Student: 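For reference, the structure I am asking about is given below.
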Amino acid sequence: MYREVQQQLTKTVQQVLKSTWDIDLETVPVEQPPDLSMGEFALPVAFELARKLRKAPRMIAAELAAKLRQALTPETGFASFEAAGAGYINVRVDRAGMALALAADGATTGTVDGKAADLRILVEHTSINPNKAAHVGHLRNAILGDTLVRILRAAGYSVDVQNYIDNTGVQVADVVVGFLHVEGKSRQEIDGLMARCDALGAEAREGRFDYLCWDLYARVSQWYSEGTEEQQRQRKALRYETLHAIERGESEVARVADSISTAVLRLHLLTMQRLGIEYDFLPRESEILHLKFWDRAFDLLKQSGVLYHESQGKNAGCWVMTRPDAKVTEGETDEDAKVIVRSNGTVTYVGKDIAYHLWKFGLLGADFGYRKFFEYPRHTCWISSTEGDVEHPHFGGAGAIYNVIDSRQSDPQANVVQALRGMGHQQAANRYTHFSYEMVALTPRCAMELGYHVSEEDQGRAYIEVSGRKGFGVKADDLLDKLTAATRSEVDARQPERAEAERQMIAKQIAIGALRYFMLKFTRGSVIAFDFKDALSFEGETGPYVQYTAVRARNIFRKAETTPEQALEAMREAGAGAMEDDVLWAIWLRAARREQALAATIQSAEPATIARHGFQLAQEFNNFYHKHHILTEEDPARRTLLLATAAVALRELTVLLHWMGIDVPEAM
RNA sequence: GGGCGAGUAGCUCAAUUGGAUAGAGCAACGGCCUUCUAAGCCGUAGGUUACAGGUUCGAUCCCUGUCUCGCCUACCA
């Protein structure tokens, strides 16, 4: 509705410009006036025309406003056009008309793009190395990724969610080395340990397998750097021996690695499930290796000339690729080229990643095997396999992809895109989005609270990077536990009459709301300096604030013994009056702009946009709630309008929270 | 050395991608519960948008230079 109105406006402006001054304007910028009293749309078009027409912007605006007034009469949904400021044209819409339309069809989301359904999108997120417990940094990734998925689906896209599992990397090898050589455990002992951990259940923390691995991983990293030089050399050799055994597969060591990484992976899935995050498919590096994806990709890369064999300089004997935007002088050796195949014939990580991405776009000519791995209440999560089940869904072959990976990976990501371009897959390269974001770090204070040693130098910094290798960070489940404990005590105090199970449920929902909103409210380019004080805050710009607002709105209907649907229906019958009250109109207008906010969020790939939109609506509702007492309103028409306003606010808040993966609790 | 990101109120962050008076939340101070829930609302105070130039009707945003911070930049994986 709002969108159609805006389109009609821009179209008419174009027509008027054409007929009056014979000017063709490709795009007509439409802005929002700084204040509601100025109207719903602001057109700065007169500024742009000032030079061309040799007239003052204000004059042009006045002239244009008059023309628009004639072209768009009140019957078309517009109320007024006025020249304002230095040359803006402020446009008012028929508020009541728009409100009635919103009351009728505003519940439908609508697609951002008419072709949305045709484009199959693959979003990859989480991708935690399966060798230790998940930490806050992984939470940012998973929450951003999951929210992106929800938003794309809301816009009508068909989305597959992947979680890439690097189960043959050096990180897994390190934990294997830890169990086998540092702790001297046999395979049977490790299996026994995992069985005991498993018996503890998902609720356990101490003794949980991924927690044990967390500590072990840190110890092994330490162990590599200890001892005599000879010992260090041997340990390093052991490390790579183990790594290569894992890569080859089919050995005792490889089987140990597989059971460890699978056990940790299951725990990661449970952790993410606590946050309402689910996956469709788990492609693993082991299959990329064993199904020889690279061999195919290597051929394709050689054929297309993306890779060339370097004969000179430091990379002599390697297959290398020119980096994006590299300045290469003809005849000179490109020392800065990216090595894809080492001189010993082994492929680098970027090489494997290129092969994997060719698969993602359906350009490899090979596929994974698939088997069932994890059951969610409503669907199955599949995992890659060399053999696989006979019947299975098909993943890959996507029209567009989003890789949710932190900004530290932007260089390798750019290399993959470069390779796609070099191979002539322009469209794939254009539809490859590195959804990058800055890391989560800890404030020095937070690190010290957790008992880590913080150097004098680090204490002076704004934040300290977390490090799985050092065992330095806040574990995801610990944080969720802490949040739930905090919300639980608050719920106990506020809702003493409710049953235990219900209070626990509410506490969990609020904890998730706090965490998810916290991770979303920062724009992607901002480093989150994590601190428990901020993360455990439930006031102001927080998830619980928005949830509380929705609960308040819903309580009105409980007390009034009616429903939001009935309230909206009642308004459709009674009319919206003149809708002159800006406090009410702010809410309706916010609702009208939901689609625009959704489109902007996708356009900029910035979930903070939708988070902010929700928060602002909550502020507007609380303002309304404070100024107008609905249930004691005596004028029936007025009461109907107030109730319908609460209904639309509740509807919008619920939708927006849902997009962020946040529930509205029963009570707060 | 090169690449990317950041520098905005005491603190943590926004700013519709170049628009009107740079906005929120914390923290501080002062008010508001006999009311649909105070996880709330209202108010006060807080700014040379790192610095210097430039582009133009108009710059936090674009360009040039300088400074500060972070990350990336190995034939490791």
Side-chain angles (χ1 to χ4, degrees), chain A residues 29-35 38 42 44 46-48 50-51 56-57 84-88 90 166 168-171 173 236 239-240 243 247 310 314-320 323-327 336 338-344 346 348-349 352 406-412 414 436 438-439 441 443 461-463 465 487 490 494 510 514 521-529 531 533-534 537-542 544-545 547-549 551-560 593 596-597 600 603-604 608-609 612 615-616 619 622-623 625-632 642 646 667-668:
Chain A
V30 181
E31 290 161 16
Q32 295 175 14
D35 193 277
M38 296 174 167
F47 296 116
E48 214 175 317
R51 170 168 287 186
Y88 284 95
N90 287 340
D166 185 359
T168 56
V170 73
Q171 301 84 357
K236 204 180 167 192
R239 186 187 200 190
Y240 291 111
L243 174 64
E247 283 176 347
E310 182 60 83
K314 70 181 175 90
N315 296 334
C318 298
W319 286 90
V320 301
R323 286 177 194 272
D325 303 319
K327 294 165 198 76
D336 197 38
K338 181 73 196 167
V339 173
I340 303 297
V341 180
R342 302 184 192 97
S343 53
N344 68 5
T346 57
T348 61
Y349 185 81
K352 284 181 274 193
D406 74 55
S407 60
R408 286 170 290 193
Q409 299 283 337
S410 56
D411 197 53
S436 76
E438 273 291 349
M439 63 187 171
T443 63
R461 297 182 198 277
Y463 52 82
E465 187 174 0
T487 51
E490 199 65 28
R494 290 162 188 258
I510 300 170
K521 74 174 177 182
F522 300 92
T523 50
R524 292 186 287 124
S526 157
V527 175
I528 298 182
D531 195 304
K533 183 177 71 70
D534 298 330
S537 158
F538 306 135
E539 288 168 18
E541 194 186 351
T542 66
Y545 172 87
Q547 289 173 303
Y548 179 73
T549 307
V551 169
R552 275 180 141 182
R554 207 173 44 198
N555 283 343
I556 295 168
F557 296 96
R558 185 171 299 160
K559 197 97 170 189
R593 287 175 176 159
Q596 193 184 47
Q603 170 71 28
S604 58
T609 304
R612 184 155 288 272
F615 171 64
Q616 285 170 346
Q619 280 187 315
N622 280 321
N623 183 27
Y625 184 89
H626 181 256
K627 287 209 169 95
H628 301 287
H629 200 269
I630 300 166
L631 299 181
T632 52
L642 293 176
M668 281 180 77

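What you see is a predicted model; the values in this text were computed from it and never measured. Numbered from 1 within each chain, the chains take letters A, B, ... in sequence-line order.
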Student: Going by modelled atom types, is there a donor-acceptor pair between the base of B/rC75 and the side chain of A/Ser343 at under 3.5 Å?
Tutor: yes
Student: Could you work out the separation of B/rU49 and B/rC11 based on their P atoms and round it to a whole Å?
Tutor: 16 Å
Student: Mind checking the C1' distance from B/rC51 to B/rA59? Whole angstroms is fine.
Tutor: 16 Å
Student: Would B/rU68 be called syn or anti, given that syn covers angles within 90° of 0?
Tutor: anti
Student: With a sphere of 6.0 Å drawn around CZ of A/Arg51, does it hold more than 12 non-hydrogen atoms of other residues, nucleotides or ligands?
Tutor: no
Student: Considering only side-chain heavy atoms of A/Tyr625, which listed nucleotide, B/rA20, B/rA77, B/rC36, is closest?
Tutor: B/rC36
Student: Under the 3.5 Å rule, do the base of B/rA24 and the side chain of A/Arg612 count as making a donor-acceptor pair?
Tutor: no
Student: Can you say whether a donor on the side chain of A/Asn622 sits under 3.5 Å from an acceptor on the base of B/rA38, or the other way round?
Tutor: no
Student: Decide whether A/Glu541 and A/Gln616 meet the rule of one side-chain donor and one side-chain acceptor closer than 3.5 Å.
Tutor: no
Student: For A/Pro33, answer base if it contacts any base atom (sugar-phosphate contacts may also be present), sugar-phosphate if it contacts only those atoms, and nothing otherwise; contact means non-hydrogen atoms under 4.0 Å.
Tutor: base
Student: Roughly how many Å apart are B/rA39 and B/rU35, using the P atom of each and rounding to a whole number?
Tutor: 14 Å
Student: Need one value for A/Phe522: base, sugar-phosphate or nothing, where a base atom within 4.0 Å counts as base even if backbone is also close, heavy atoms only.
Tutor: sugar-phosphate
Student: Report which part of the nucleic acid A/Ser604 touches: base, sugar-phosphate, or nothing (heavy-atom distance under 4.0 Å, all strands).
Tutor: base
Student: Any carboxylate oxygen within less than 4.0 angstrom of a Lys/Arg side-chain nitrogen, looking at A/Lys338 and A/Asp411?
Tutor: no
Student: Hey, is A/Arg408 close enough to A/Asp406 for a salt bridge, meaning N to O under 4.0 Å?
Tutor: yes
Student: Is the shortest side-chain N/O distance from A/Asn344 to OP1 or OP2 of B/rC75 below 4.0 Å?
Tutor: no
Student: Please give the distance between the P atoms of B/rG5 and B/rG23 as a whole number of Å.
Tutor: 27 Å
Student: Looking at A/Arg323, does any N or O in its side chain come under 4.0 Å of the phosphate oxygens OP1/OP2 on B/rU73?
Tutor: no
Student: Pick base, sugar-phosphate or nothing for A/Ala667, based on heavy-atom distances below 4.0 Å to the nucleic acid.
Tutor: base
Student: Could you work out the separation of B/rC67 and B/rC26 based on their C1' atoms and round it to a whole Å?
Tutor: 30 Å
Student: Starting at the 5' end of RNA chain B, which residue's closest nucleotide do you reach first, A/Gly317 or A/Thr632?
Tutor: A/Thr632
Student: Could you tell me if the side chain of A/Pro33 sits less than 4.5 Å from the side chain of A/Asp35, heavy atoms only?
Tutor: no
Student: Does CD belonging to A/Glu31 count more than 12 external heavy atoms closer than 6.0 Å?
Tutor: yes
Student: Less than 6.0 Å separating the ring centroids of A/Tyr545 and A/Phe538?
Tutor: no
Student: Roughly how many Å is it from CG in A/Asp531 to P in B/rC26, rounded to a whole number?
Tutor: 16 Å
Student: So, OP1 or OP2 of B/rC75: does either fall under 4.0 Å of a side-chain N or O from A/Lys314?
Tutor: yes
Student: Please state the C1' separation for the pair B/rA28 and B/rU12 - nearest whole angstrom.
Tutor: 16 Å
Student: For nucleotides B/rC76 and B/rA6, find the distance between their C1' atoms and express it as a whole number of Å.
Tutor: 29 Å
Student: If you assign A/Ala462 and A/Asn90 each to the RNA chain B nucleotide with the nearest heavy atom, which residue ends up on the more 5' nucleotide?
Tutor: A/Ala462
Student: Please classify B/rC33 as syn or anti, treating any glycosidic angle within 90° of 0 as syn.
Tutor: syn
Student: Convert the base pairs of RNA chain B into dot-bracket notation, remembering that pairs crossing earlier ones are written with [ ] and that bases paired across to another strand are shown as |; include only Watson-Crick or G-U pairs under 3.5 Å.
Tutor: (((((((..((((.....[...)))).(((((.......))))).....(((((..]....))))))))))))....
Student: Work out how far the C1' atom of B/rA15 is from that of B/rG31, and round it to whole angstrom.
Tutor: 30 Å
